[in-house]
Chemist: 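Just dropping this structure here.
Just so it is clear: chains get the letters A, B, ... in the order the sequence lines come, proteins before strands, and each one is counted from 1.
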Amino acid sequence: MADFFHPDRLQKLEELRTAGTDAYPAQVPYPGRELAATLLAQAEELQGQQVVLCGRVLGRRGYGKLAFLDVHDQSGRIQVCLQKDKLSEEDFARLKQLNLGDVIAVQGEMSKTKVGEDTVFGTGWTMLTKALENPPSDKTQGLTDGELRARRRYVDLFVNEDVRDAYLRRGKIIQAMREVFLQHDYAEVDTPVLHPIYGGANARPFSTHHNALDMELFLRIAPELYLKRLLVGGMERVFEFARVFRNEGVSMRHNPEFTMVEFYQAYTDVEGMMTLTEELVLAAAEAAELPLEEGATTPTRLATFRGETFRLGAPFERLRYADTFREHVGCDPQDREAILAKLQEQGIDAPGEGDYNYWKAVNALFEEHVEPTLRGPVFVYDYPAAICPLAKPLANDPTWAGRFEFFLGGMELANAFSELNDPQLQLEKFEEQVQDIDPEAPNQVDMDYVRALAYGLPPAGGCGIGIDRLVMVLLGVDSIRDVLLFPHMRPETEGPAQA
RNA sequence: GGGGGCAUAACUCAGUUGGUAGAGUAGUUGGCUUUUAACCAAUAAGUCCCAGGUUCGAGUCCUGGUGCCCUCACCA
């Protein structure tokens, strides 16, 4: 069963214990601790000085009366040299029990080897954690199998430096976006993850059950409706980095749980959201340390994603939905006759009765013909009002609603509205949705949200940005799996079949 | 859910027309006081994803299943 307790290592562990050594001590027996990167950076000043280093041994060369170790910590790697005549007899003998993958502490003197490499010349070392499983051993390849890397991310992280770096950069991107919000006087909030009624997006939810209350609950598919309640309450600028859950297929762009940042601001509209989204994306690109384009008139950073280069500089391109639709589909979205002909030509079923179904069909054509052409960064704005239940219709033409979607790298990265705040119209649209046979549509009207609107939601703009996808484009990572520490996977199959 | 591909030692991979299972690395043992994928010698290690089938004989061929990858569908 526990075949990851390697027999050879168990033997070493036994030897350590026989010698009275704790293989899992609670404390580092030496005072202080320096990171490998610090030691390397300050190698000159530290020459000849005593230092303490802790980390995992991932390389070992030379053996006899001398051993070179590669010790890795969070900051990087440094070489350690352990020599017989500088160690106690006990410490030297204990090298026999040292395997790759073990975590150790070293006390020693900073100096240089004959070939000039900055190295900690140990005067003492201790086992901090005896590893019982082998780390990946192939010196040229390491751990490359995608499935293993994801399933054993804890190994992947200490073996593949670039992976760790990517996650750290993801964190920096999020931090940079948070700072933009704070600069604009936004407040960071947390709203419930367990929703009695799901809404704010079109997606199937995960459902769960509250035992004590004996009620069905849903993991949120979006935080939207709660955040807008906050605006009703007078919190005029709020944002939330929200983990959301959608019960859908898994693909290179989809994970059942993912992170989006949603933000809402009173007394602005979709236009204001466009400006802020632009600022957020550019701040994220800067945090990702994307290279600046030379000779550009405004600061422009270059993202390389799936072999394409994207120029990120303000202002982003802006396309009106109807215009770009006309260009790529070849007819006006409001020209019912032409649209019906197109649909037939495409073999798409004729839409059912009513505006809602008609515009859903139009949007199907949009997704089919226009979205693949949107490389980005580009805002598409003024969407058909009928398919935007949470967006406010335009004052001068209620066929269209104040909404944009932001595309980059061939993916939809953001979605924003001039928030619908007319409680009666909102109720109407909710009821229409509930009647929709689409299994993705919400199944009941969130009457409490309608009531909140009845108290008065100030005019507002709101936006949601898919963090994982944004990080993919900025870091040039093809699969969402590789920007998530622990992407969703089916359970590992048991080894031998049980009788 | 449809189509295609992959699954062999701890890791990375070979394995011919079907004929007793291989390498490098890591491990173990021994040697070596300046290595950088250290080196030298010896050595152990596999339910060839699982279950059936064809065959004298299956890692190899067939059927079914499982996992992963790609693709389409789904997914604002």
Chemist: Taking rC70(B) as the reference, what is the distance to rU17(B) when you measure between their P atoms (whole Å, please)?
Modeler: 30 Å

Chemist: Using only heavy-atom distances, determine whether the side chains of Gln79(A) and Thr113(A) contain a donor-acceptor pair under 3.5 Å.
Modeler: no

Chemist: Taking N and O atoms by type only, does the side chain of Asp138(A) place a donor or acceptor under 3.5 Å from a partner on the base of rG24(B)?
Modeler: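 Yes, a donor-acceptor pair under 3.5 Å.
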
Chemist: Could you please name the option among rC68(B), rG30(B), rU28(B) that lies closest to any side-chain atom of Lys12(A)?
Modeler: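 So the nucleotide nearest the side chain must be rU28(B).
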
Chemist: Using the C1' atom as the point on both nucleotides, what is the distance between rA10(B) and rU66(B), in whole Å?
Modeler: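 Nearest-Å result for rU66(B) against rA10(B) at atom C1': 23 Å.
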
Chemist: Between Trp400(A) and Trp359(A), how do the two ring planes meet: parallel, tilted or perpendicular, split at 30° and 60°?
Modeler: perpendicular

Chemist: For the pair made of CZ in Arg253(A) and C1' in rC74(B), what is the distance, rounded to whole Å?
Modeler: 13 Å

Chemist: Tell me whether Glu117(A) is salt-bridged to Arg77(A), with the criterion being a basic N under 4.0 Å from an acidic carboxylate O.
Modeler: yes

Chemist: Quote, to the nearest angstrom, the C1' distance that separates rU16(B) from rA58(B).
Modeler: 15 Å

Chemist: Need one value for Ile387(A): base, sugar-phosphate or nothing, where a base atom within 4.0 Å counts as base even if backbone is also close, heavy atoms only.
Modeler: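 No contact at all - Ile387(A) keeps every heavy atom at 4.0 Å or more from the nucleic acid.
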
Chemist: Return yes if a side-chain donor-acceptor contact under 3.5 Å exists between Asn363(A) and Glu367(A), otherwise no.
Modeler: yes

Chemist: Just the rounded figure in Å: distance from P of rC72(B) to CD of Glu368(A).
Modeler: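 It works out to 12 Å between those atoms.
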
Chemist: Tell me which nucleotide, if any, is Watson-Crick or G-U wobble paired with rC48(B) when both distances must be under 3.5 Å.
Modeler: none

Chemist: With a 4.0 Å cut-off on heavy atoms, is Gly59(A) in touch with a base, just the backbone sugar-phosphate, or nothing at all?
Modeler: nothing

Chemist: Once you measure the plane-to-plane angle for Tyr321(A) and Tyr383(A), does it fall in the parallel (<30°), tilted (30-60°) or perpendicular (>60°) bin?
Modeler: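 Geometry flag for Tyr383(A) against Tyr321(A): tilted rings.
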
Chemist: Are Arg336(A) and Tyr358(A) in a cation-pi setup, meaning NZ or CZ lies under 6.0 angstrom from the ring centre and within 45 degrees of the ring axis?
Modeler: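 Yes, cation above the ring, under 6.0 Å and within 45°.
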
Chemist: Using the 3.5 Å cut-off, write out each protein N or O paired with an N or O of nucleotides 33-35 of chain B and the distance between them.
Modeler:
from    : atom 1 : to        : atom 2 : distance (Å)
rU33(B) : OP2    : Lys65(A)  : N      : 3.2
rU33(B) : O2     : Gln83(A)  : OE1    : 3.2
rU33(B) : O4     : Asp85(A)  : OD2    : 2.9
rU34(B) : O2     : Lys114(A) : N      : 3.0
rU35(B) : O2     : Arg61(A)  : NE     : 2.6
rU35(B) : O2     : Arg61(A)  : NH2    : 3.4
rU35(B) : O2     : Gln79(A)  : OE1    : 3.3
rU35(B) : N3     : Gln79(A)  : OE1    : 2.8
rU35(B) : N3     : Gln79(A)  : NE2    : 3.1
rU35(B) : O4     : Gln79(A)  : NE2    : 2.6
rU35(B) : O4     : Thr113(A) : OG1    : 3.2

Chemist: Does a side chain donor of either Asn134(A) or Arg9(A) reach within less than 3.5 Å of an acceptor in the other side chain?
Modeler: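 Their side chains do contain a donor-acceptor pair, which is all the 3.5 Å distance test asks for.
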
Chemist: With both distances under 3.5 angstrom, what nucleotide forms a Watson-Crick or G-U wobble pair with rG1(B)?
Modeler: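 Per the H-bond distance test, rC72(B).
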
Chemist: Please give, in whole Å, the distance from rC70(B) P to Asp145(A) CG?
Modeler: 12 Å

Chemist: Tell me the partner of rA38(B), counting only Watson-Crick (N1-N3 plus N6-O4 or O6-N4) or G-U wobble (N1-O2 and O6-N3) with both under 3.5 Å; none if nothing fits.
Modeler: none

Chemist: Watson-Crick or G-U wobble partner for rC61(B), using a 3.5 Å limit on both distances?
Modeler: rG53(B)

Chemist: With nearest nucleotide decided by heavy atoms, which residue, Glu133(A) or Leu100(A), maps closer to the 5′ end of RNA chain B?
Modeler: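 Between the two, 5'-proximity favours Glu133(A).
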
Chemist: Would you measure the distance from the C1' atom in rG15(B) across to the matching atom in rC48(B) and give it in whole Å?
Modeler: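 Each nucleotide's C1' atom is 10 Å from the other's.
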
Chemist: Nearest-Å distance, CG (Leu95(A)) to P (rG27(B))?
Modeler: 13 Å

Chemist: Quick one: do Lys342(A) and Glu368(A) make a salt bridge, cutoff under 4.0 Å?
Modeler: no

Chemist: Could you check whether the rings of Tyr449(A) and Phe430(A) sit parallel, tilted or perpendicular, using 30° and 60° as the cut-offs?
Modeler: tilted

Chemist: Just how far, in rounded Å, is P of rG67(B) from CG of Leu148(A)?
Modeler: 16 Å

Chemist: Tell me which residues in residues 461-475 of chain A lie within less than 4.0 Å of RNA chain B, going by non-hydrogen atoms.
Modeler: none

Chemist: Could you walk me through whether Gln50(A) and Thr123(A) pass the side-chain contact (heavy atoms from CB on, under 4.5 Å) check?
Modeler: CA-CA 9 Å; Gln50(A) 283 286 310; Thr123(A) 52; 3.8 Å; yes

Chemist: Is there a Watson-Crick or G-U wobble partner for rA9(B) with both distances under 3.5 Å, and if so, which one is it?
Modeler: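 Partner of rA9(B): none found under 3.5 Å.
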
Chemist: Distance check needed: rG67(B) C1' versus Arg149(A) CZ, whole Å only.
Modeler: 18 Å

Chemist: Could you measure between the two C1' atoms, the one in rU60(B) and the one in rG22(B), and give it in whole Å?
Modeler: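 Roughly 15 Å separates the two C1' atoms.
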
Chemist: Looking at every strand, decide which applies to Asn415(A) at a 4.0 Å heavy-atom threshold: base, sugar-phosphate, or nothing.
Modeler: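 Result for Asn415(A) = base.
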
Chemist: Give me the ring orientation class for Phe245(A) and Phe206(A): parallel if the planes are under 30° apart, tilted from 30 to 60°, perpendicular past 60°.
Modeler: perpendicular

